[in-house]
Visitor: 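Pasting a structure below so you can have a look.
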Amino acid sequence: MSADVQPSTLRPRSQAPAFIEIKLHSGGRGLLEGTLKLQAFGASRELYRQEIPDLVLMPGDSTQRLLLPPPAYYFGVEELRLQFSTGSGSYDLGRFPLVAPAASSARQYVIAICRGSLDGNPNQSLTWRALRPERLFTDTHNYYRLTPQASPLWIAPEDLPTPPGLCAFDTVLLEGGGLAALGEKQLADLTTWVEAGGSLCVVAPSAVDAQHIAFLNNLAASPGNSTPLAGTSTGAVVRSTHDEVTPAASPAFLFRRPQLGCFVLAFQAPTDEAAAGESGWVKATHFLAHSEATDLIDPQAYAAKHYGTTNRNAIVERWLMTHLPRSTRVIPRSLVLSVLTIFVVMAGPGEWFVLGWLRRRRWTWFTFPLFAVACTFFMVRAAEHYLGRDDQRCSLVIADFSPQGKALRESRFDLWLAGRNKDAVTDVQQSLVMPGGSGNGYSMMGYNTGYSPYAVMKPDPRPIYQGRLPGHYTLRRALTQWTPYIQRSFTFAPKGATPHLHWEALQESAPPTADFFSGKSDAQAEKYVSARIGAQGWKVSVFRSRSGPGNFNGYEQVLSVDPNLPWMNALSPGPRADLLDLLLDYGPGDWVVTALRDQGPQIQIERCVYHFHSNE
């Protein structure tokens with residue numbers, strides 16, 4: 001057997017899962033059935049293992065398209081080692097480089113391009129080049145490692161992944177016949193991803209049917225106009241007769257925020273390099289990166305924001321550590337000092353005088369180990385008494401809802417304090433699950449935070465993924481007794497999707513204007529919103545301005561809003577860095593409402609963004 005590995009792009013999206021293609025060649029005459037094993041390496045260490053069981057290979061060549069798990073640490077996957085194991089033996093297929101180590105230092109930005117066909121048109125690459133974020137920076141030469149670096153990924157319409165797989169991309173671009181080639185299931189998956197925070201750019205196709213017009217109208221709808229687009233007799237997409245273009249908007253583009261995501265419709269593709277650099281495409285690039293800016297960016301100012309963001313992973317760790325069940329207690333310092341004192345006295349002067357009086361100092365070869373074993377046994381039993389032998393767990397669940405009460409996405413952080421050494425197995429379906437770490441100067445999510453006493457985590461020992469991501473797979477990881485571990489899961493289809501709160505009630509009762517609470521205090525706004533959505537027993541916070549308050553009153557606010565959002569904040573959901581994907585992106589006239597309920601070992605946060613005006 002032999003193999004070859006081709007990454008889907010030279011530089012995968014930062015902190016995101018990445019697609020690869022594995023070409024396997026079987027030289028035998030019969031079928032081969034076994035398990036494909038992958039070992040991922042980065043920064044000279046093994047990051048994780050992945051196993052694809054029950055794989056059947058035909059004689060000759062076959063191709064496997066796999067989604068690799070998101071990296072758990074600051075660095076990504078640089079190299080893969082492949083093995084194929086059968087009942088009769090194992091084939092070592094070699095080691096394959098994926099990305100150069102230096103490329104991981106800059107923010108990697110992936111644009112997935114979906115067309116009906118590659119017809120060799122010389123202008124077919126102009127659109128994605130117009131959306132490259134590097135074009136927005138006034139100086140990229142001196143700030144190469146700070147400014148984002150874009151890479152294209154051409155994908156066939158039939159290969160468009162499910163919503164968790166779309167997290168591998170920063171932006172999806174549909175042009176040519178790409179939109180018309182998508183089926184109902186693919187359109188629904190794309191809508192789910194965009195509404196949960198994804199970015200989609202569509203170049204208006206020349207021929208689509210009513211189903212695709214409805215898809216575009218669903219994303220382009222605004223509070224004042226549910227059908228801004230229409231199709232001509234030839235199938236081209238145009239503005240509907242009752243859609244008005246404001247003086248500040250560009251007639252060549254339509255900008256919308258469908259729930260948490262960003263949608264740009266370009267009515268015409270750029271025809272040359274000069275057109276690709278026009279102000280409309282500059283604004284579109286900003287908008288798809290979750291930014292309200294319209295001008296070029298000073299890289300020095302960008303660097304200041306990039307390195308000045310709040311360490312939100314430390315906040316999550318501290319929050320979870322303080323919510324462990326109270327049955328877990330720290331061993332009293334007085335007991336530890338007492339046992340140490342007794343051991344020193346007995347092993348030192350005690351042995352010297354007693355064994356000397358008995359004239360049996362040679363017995364120290366037996367009595368000293370006996371004292372050490374006895375004190376160790378006592379401390380183990382004391383630790384079991386105070387820390388317990390049962391597993392302790394607590395969790396933080398952050399769920400985002402639409403103003404109509406639809407569940408958009410859910411992020412869950414679970415903290416384990418294992419009562420004994422064991423393997424933890426998590427069964428996963430259509431979700432992304434990412435292990436954090438444990439012990440010794442690192443945060444639980446793999447980032448050196450430098451704070452105490454909670455920054456005691458170290459990289460996790462080799463998690464094992466069994467199955468194909470993101471469909472149905474298991475994550476296995478080893479837990480060490482009395483060592484805290486954290487794990488994050490992210491899904492677009494949370495269980496129990498019915499919200500506890502009536503988010504639709506506020507949309508129905510409040511007028512669609514940005515100044516509804518003009519002149520009223522935050523406390524009055526929060527009291528009104530709390531009563532409307534039925535948030536008795538919840539802590540409700542309302543944000544009505546992009547500038548926001550200078551000081552936050554709770555962790556849930558730090559995780560949800562930021563008055564100084566770093567440019568291009570929407571990273572893929574991962575277990576490390578500053579958890580920027582948790583920040584809610586909202587326009588100048590929008591409302592952000594968060595509700596917190598503390599139930600001891602489980603903290604629930606529900607959030608909703610209300611768009612009360614068009615963002616075009």
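Positions are given from 1 along the sequence. Worth knowing before you read on, the calculation uses all heavy atoms, side chains too, and leaves out hydrogens, waters and symmetry mates.
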Visitor: We want to know whether Glu606 and Trp503 form a side-chain donor-acceptor pair, criterion being a heavy-atom distance below 3.5 angstrom.
Guide: yes

Visitor: Locate the shortest heavy-atom distance separating Arg11 from Ala150; write the atom from each residue and the value.
Guide: NH2-O, 3.1 Å

Visitor: Between Leu501 and Trp538, is a side-chain contact (heavy atoms from CB on, under 4.5 Å) present by the stated rule, with each step listed?
Guide: CA-CA 10 Å; Leu501 303 176; Trp538 296 70; 3.7 Å; yes

Visitor: Does Arg312 form a side-chain contact (heavy atoms from CB on, under 4.5 Å) with Leu582? I'd like the steps, not just the answer.
Guide: CA-CA 9 Å; Arg312 293 173 182 82; Leu582 292 179; 5.8 Å; no

Visitor: Within the 3.5 Å criterion, strictly below it, is a donor on Thr171 or Tyr109 matched to an acceptor on the partner's side chain?
Guide: yes

Visitor: Working to the nearest 0.5 angstrom, can you tell me the gap between Glu134 CD and Leu136 CG?
Guide: 9.0 Å

Visitor: Under a 4.5 Å cut-off applied to non-hydrogen side-chain atoms, are Arg462 and Arg477 in contact?
Guide: no

Visitor: Using modelled atom types only, decide if a donor and an acceptor are shared between the side chain of His472 and the backbone of Arg468 within a distance under 3.5 Å.
Guide: no

Visitor: Given Trp193 and Val172, is the side-chain contact (heavy atoms from CB on, under 4.5 Å) satisfied, shown in steps?
Guide: CA-CA 10 Å; Trp193 175 71; Val172 172; 3.6 Å; yes

Visitor: Measure the shortest side-chain to side-chain distance between Glu78 and Pro97 over non-hydrogen atoms and say whether it is less than 4.5 angstrom.
Guide: no

Visitor: First locate atom CD of Gln259, then atom CG of Leu219, and finally report the distance between them rounded to the nearest 0.5 Å.
Guide: 10.0 Å

Visitor: Quick check against the 3.5 Å criterion: does Asp170 have a side-chain atom that pairs as donor or acceptor with the backbone of Ile111?
Guide: no

Visitor: For residues Asp298 and Thr138, report the shortest heavy-atom separation together with the two atoms involved.
Guide: CA-OG1, 4.0 Å

Visitor: Whether Glu556 and Arg607 form a salt bridge (side-chain N of Lys/Arg under 4.0 Å from carboxylate O of Asp/Glu) is what I want to check.
Guide: no

Visitor: Determine whether the aromatic ring centres of Phe253 and Trp281 lie less than 6.0 Å apart.
Guide: yes

Visitor: For the CG atom of Leu580 and the CG atom of Leu559, what is their distance to the nearest 0.5 Å?
Guide: 11.0 Å

Visitor: State whether a side-chain donor-acceptor pair under 3.5 Å links Tyr465 with Arg476.
Guide: no

Visitor: Indicate yes or no: at least one non-hydrogen side-chain atom of Val203 is less than 4.5 angstrom from one of Leu174.
Guide: no

Visitor: Indicate yes or no for a side-chain donor-acceptor contact from Gln149 to the backbone of Thr147 under 3.5 Å, with no hydrogens or angles considered.
Guide: yes

Visitor: Taking the side chain as every heavy atom from C-beta outward, state whether Pro463 and Leu475 have any pair of such atoms under 4.5 Å apart.
Guide: yes

Visitor: Between Asp159 and Arg65, does any NZ, NE, NH1 or NH2 come within less than 4.0 Å of an OD or OE carboxylate oxygen?
Guide: no

Visitor: Keeping the roles fixed (side chain from Arg256, backbone from Ala220), state whether a donor-acceptor pair exists under 3.5 Å.
Guide: yes

Visitor: Measuring centre to centre across the rings, with the benzene-like ring taken for any Trp, is Trp416 within less than 6.0 Å of Tyr485?
Guide: no

Visitor: Can you confirm whether Leu179 sits close enough to Val202 that some side-chain heavy atom of one is under 4.5 Å from a side-chain heavy atom of the other?
Guide: yes

Visitor: Is the shortest side-chain heavy-atom distance between Pro70 and Pro17 below 4.5 Å?
Guide: yes

Visitor: List for me each residue that meets side chain to side chain contact (heavy atoms under 4.5 Å, CB included) alongside Asp295, sequence neighbours excluded, and say none if there are none.
Guide: none

Visitor: Is a donor on one side and an acceptor on the other found under 3.5 Å between the side chain of Ser8 and the backbone of Phe19?
Guide: yes

Visitor: From Ile20 CD1 over to Thr9 OG1, what is the distance, rounded to the nearest 0.5 angstrom?
Guide: 13.5 Å

Visitor: Can you tell if the side chain of Phe215 reaches within under 4.5 Å of the side chain of Thr191, non-hydrogen atoms only?
Guide: yes

Visitor: Going through the checks in order, is the side-chain contact (heavy atoms from CB on, under 4.5 Å) test met by Leu320 and Arg318?
Guide: CA-CA 6 Å; Leu320 289 174; Arg318 180 164 58 244; over 6 Å; no

Visitor: Using the salt bridge (charged side-chain N to carboxylate O under 4.0 Å, His left out) rule, take Arg488 and Asp581 through it: C-alpha gap first, then chi angles, then the decisive distance, then the call.
Guide: CA-CA 13 Å; Arg488 181 182 181 184; Asp581 64 285; 2.7 Å; yes

Visitor: To the nearest 0.5 Å, what is the distance between OG on Ser395 and CG on Asp414?
Guide: 5.0 Å

Visitor: Are any of the side-chain nitrogens in Arg135 or Glu278 under 4.0 Å away from the carboxylate oxygens of its partner?
Guide: no

Visitor: Any donor and acceptor pair, going by atom type alone, linking the side chain of Arg393 with main-chain N or O of Pro601 inside 3.5 Å?
Guide: no

Visitor: Kindly give the heavy-atom pair with the smallest separation between Leu469 and Pro69, and that separation in Å.
Guide: CD2-CA, 3.6 Å

Visitor: Please, which pairs that meet salt bridge (Lys or Arg N to Asp or Glu O under 4.0 Å) have at least one residue in residues 189-200, sequence neighbours excluded?
Guide: Lys185-Asp189, Glu195-Lys406

Visitor: Determine whether the side chains of Gln557 and Thr594 contain a donor N or O and an acceptor N or O closer than 3.5 Å.
Guide: no

Visitor: Return the minimal non-hydrogen interatomic distance between Leu260 and Ala196, and the atom names on each side.
Guide: CB-C, 3.9 Å

Visitor: Would you call Leu98 and Leu80 a side-chain contact if the rule is heavy atoms closer than 4.5 Å?
Guide: yes

Visitor: What pair of heavy atoms forms the shortest contact from Arg132 to Thr285, and how long is it?
Guide: O-CG2, 4.0 Å

Visitor: Rounded to the nearest 0.5 Å, what's the gap from CZ on Phe169 to OG on Ser199? Could you check?
Guide: 13.0 Å

Visitor: Tell me the closest heavy-atom pair linking Pro470 and Leu432, and the distance in Å.
Guide: CB-CD2, 4.5 Å

Visitor: Tell me yes or no: between the side chains of Gln108 and Arg13, is some donor less than 3.5 Å from an acceptor?
Guide: no

